[in-house]
Amino acid sequence: MAARIRAAVVGSTGYGGVDLLRLLRRHPHVEVTSVISSSSAGQDISGGYPHLADIYEGTLDPVDVDLIRQKADVVFAATPSGASSELVPAFLDAGLKVIDLSGDFRLKSGALYEKWYRKKPADEKYLVRAVYGLCEVFGDEVKGSDFVSNPGCYPTAALLGLIPAVKAGWVDPETIIIDAKSGVSGAGRSLSLTVHYSEINENFKAYRVNSHQHTPEIEMALEKATGATVPVTFTPHLVPMTRGILCTMYARLKEHRTEQDFIDLYREFYRGRPFVRIRGRGVWPATKEVWGSNYCDIGFSVDERTHRVTILSVIDNLVKGAAGQAVQNLNLMMGWDESAGLELVPVYP
Ligand SMILES: NC(=O)c1ccc[n+]([C@@H]2O[C@H](COP(=O)([O-])OP(=O)(O)OC[C@H]3O[C@@H](n4cnc5c(N)ncnc54)[C@H](OP(=O)(O)O)[C@@H]3O)[C@@H](O)[C@H]2O)c1
């Protein structure tokens, strides 16, 4: 068997980082050789996460490019937007392969990034170099690349649900509405009033309506995949659950189509792709059906009365929406089986 590739995880004390540690542990071609923390270097890995006791041992490494270069071949940057743009160029310049989970390299325009993220954009030469790693759509670009920008959680669910219909010309792109709901782990581990138990429990609320930073990412990738300039209405909501995203998406049909037409179109589009599952007629996916797994499940309803299609897609935000897709991208970069380390049966109930 070929030698395993050595991986470092930066931001390992965050939710994305810790799910990477979970997934990489059972990856047949990867060994995690450096678990990195900017705030807790020198402390036991399992200190903040007792569930990792006896699974990952040793202490956390600091963010030190020379050390990472000695210990690893690939770096997963599970760091916040604004931090990745500072860290990732140094990793790339040191010759490391990088998969970045933040939003810092997804948009190709620095000005657009600044407008939506209200932060200084990364240097343009790195923006241009990053491959947008929506595996099922742009996977050919990921193969052999050394720098992947992992898609956002909402964009992953929305784009996998929308691209086949928009590309086929079956829906009017001007009419797309994405009504999205996410569990609170989407906001990461750091504390804030929004995710305070008594603020979110038994509550259900919209946030950043028409101003969420994933809006231009969805529009950019839809245009790249379909050629259509697609202004989307995107409303994210927070739901009092830990993991999961459900996108309910509406669009007007350009011509008569049935649910079975959609099912056939999507099954053909995602043929051979192990992580997208298309539901049969009248069966709509739920977040729990993908919990802890790398699946994106998609279902449809066509309303003959309003001539609209409703497309529903679900993912686990931390797996297909973050760590799982990052591992899937590594698999594509390295030319391995796309499913390596990701054959996870959803946890149910
Ligand atoms: N949560 C999701 O569902 C999700 C989905 C898709 C994408 N993402 C993206 O993935 C990234 C990580 O998300 P998350 O949910 O894991 O966030 P998180 O729980 O807040 O963790 C981020 C970690 O990054 C590290 N960090 C913070 N500032 C840093 C800096 N200046 N330099 C180096 N490390 C720093 C921190 O760990 P240390 O203090 O140990 O260094 C922190 O625990 C974010 O960019 C997020 O937008 C998240």
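Counting starts at 1 for both ligands and their atoms, in listed order.
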Just distance, no hydrogens or angles: give the donor-acceptor pairs under 3.5 Å from side chains in residues 301-319, sequence neighbours left out.
from, atom 1, to, atom 2, distance (Å)
D303, OD1, R305, N, 3.0
D303, OD2, T306, OG1, 3.1
S313, OG, A157, O, 2.7
D316, OD1, R243, NH1, 3.3
D316, OD1, L318, N, 2.9
D316, OD1, V319, N, 3.4
D316, OD2, R243, NH1, 3.0
D316, OD2, G292, N, 2.6
N317, OD1, G244, N, 2.7
N317, ND2, S185, OG, 3.0

Enumerated ligand 1 atoms positioned under 4.0 Å from heavy atoms of [X]:
X: S102; answer: 45 (O)
X: S81; answer: 45 (O)
X: G186; answer: 1 (N), 2 (C), 3 (O)
X: S37; answer: 38 (P), 39 (O), 40 (O), 41 (O)
X: A322; answer: 5 (C), 6 (C)
X: Y15; answer: 16 (O), 19 (O)
X: S185; answer: 1 (N), 2 (C), 3 (O)
X: L318; answer: 1 (N), 2 (C), 3 (O)

Give me the residue, atom name and distance of the protein heavy atom closest to [atom].
atom: atom 18 (P) of ligand 1; answer: R189 N, 3.6 Å
atom: atom 26 (N) of ligand 1; answer: P80 CD, 3.7 Å
atom: atom 21 (O) of ligand 1; answer: G14 CA, 3.1 Å
atom: atom 39 (O) of ligand 1; answer: S39 OG, 2.5 Å
atom: atom 16 (O) of ligand 1; answer: G16 N, 2.7 Å
atom: atom 6 (C) of ligand 1; answer: G321 O, 3.0 Å
atom: atom 25 (C) of ligand 1; answer: G11 CA, 3.8 Å
atom: atom 3 (O) of ligand 1; answer: N317 ND2, 2.8 Å

**Study point:** Neighbour count above 12 (heavy atom, 6.0 Å) for R26 CZ
**Key:** no
When you measure from [atom] to the protein, is at least one non-hydrogen atom found at a distance under 4.0 Å?
atom: atom 13 (O) of ligand 1; result: no
atom: atom 44 (C) of ligand 1; result: yes
atom: atom 47 (O) of ligand 1; result: no

Review point. Between H29 and W336, how do the two ring planes meet: parallel, tilted or perpendicular, split at 30° and 60°?
Key: tilted
Exercise for review: May I ask you to decide if the ring planes of H212 and Y154 are parallel, tilted or perpendicular, using 30° and 60° as cut-offs?
Suggested key: perpendicular
Practice item. Report the residue from F91, Y126, Y113, F147 that forms a ring pair (Phe, Tyr, Trp, His ring centres under 6.0 Å) with F105. Key: F147
Check your understanding: Should the pair R106-D100 be classified as a salt bridge under the 4.0 Å nitrogen-to-oxygen rule?
Key -> no
Check your understanding: Going by an N to O cut-off under 4.0 Å, is there a salt bridge joining R69 and D66?
Key -> yes
Can you check which of [options] brings a heavy atom nearest to [atom]?
atom: atom 42 (C) of ligand 1; options: T13, V184, L87; result: T13
atom: atom 22 (C) of ligand 1; options: G188, A78, A326, S182; result: A78
atom: atom 11 (C) of ligand 1; options: V10, T79, I36; result: T79

Under 3.5 Å, is there a donor-acceptor pair between the [X] and [Y] side chains?
X: S85; Y: K119; result: no
X: R208; Y: Q213; result: yes
X: S84; Y: T79; result: yes
X: T156; Y: Q325; result: yes
X: H237; Y: D179; result: yes
X: S34; Y: D61; result: yes

Study note, to complete from the structure: Note: S40, heavy atoms under 4.0 Å from ligand 1, region reported as neither
Practice item. Of the side chain and backbone of L60, name the one, both, or neither that has a heavy atom under 4.0 Å from an atom of ligand 1. Key: neither
Review point. Taking atom CG of L162 and atom CD1 of I178, what is their separation to the nearest 0.5 Å?
Key: 5.0 Å
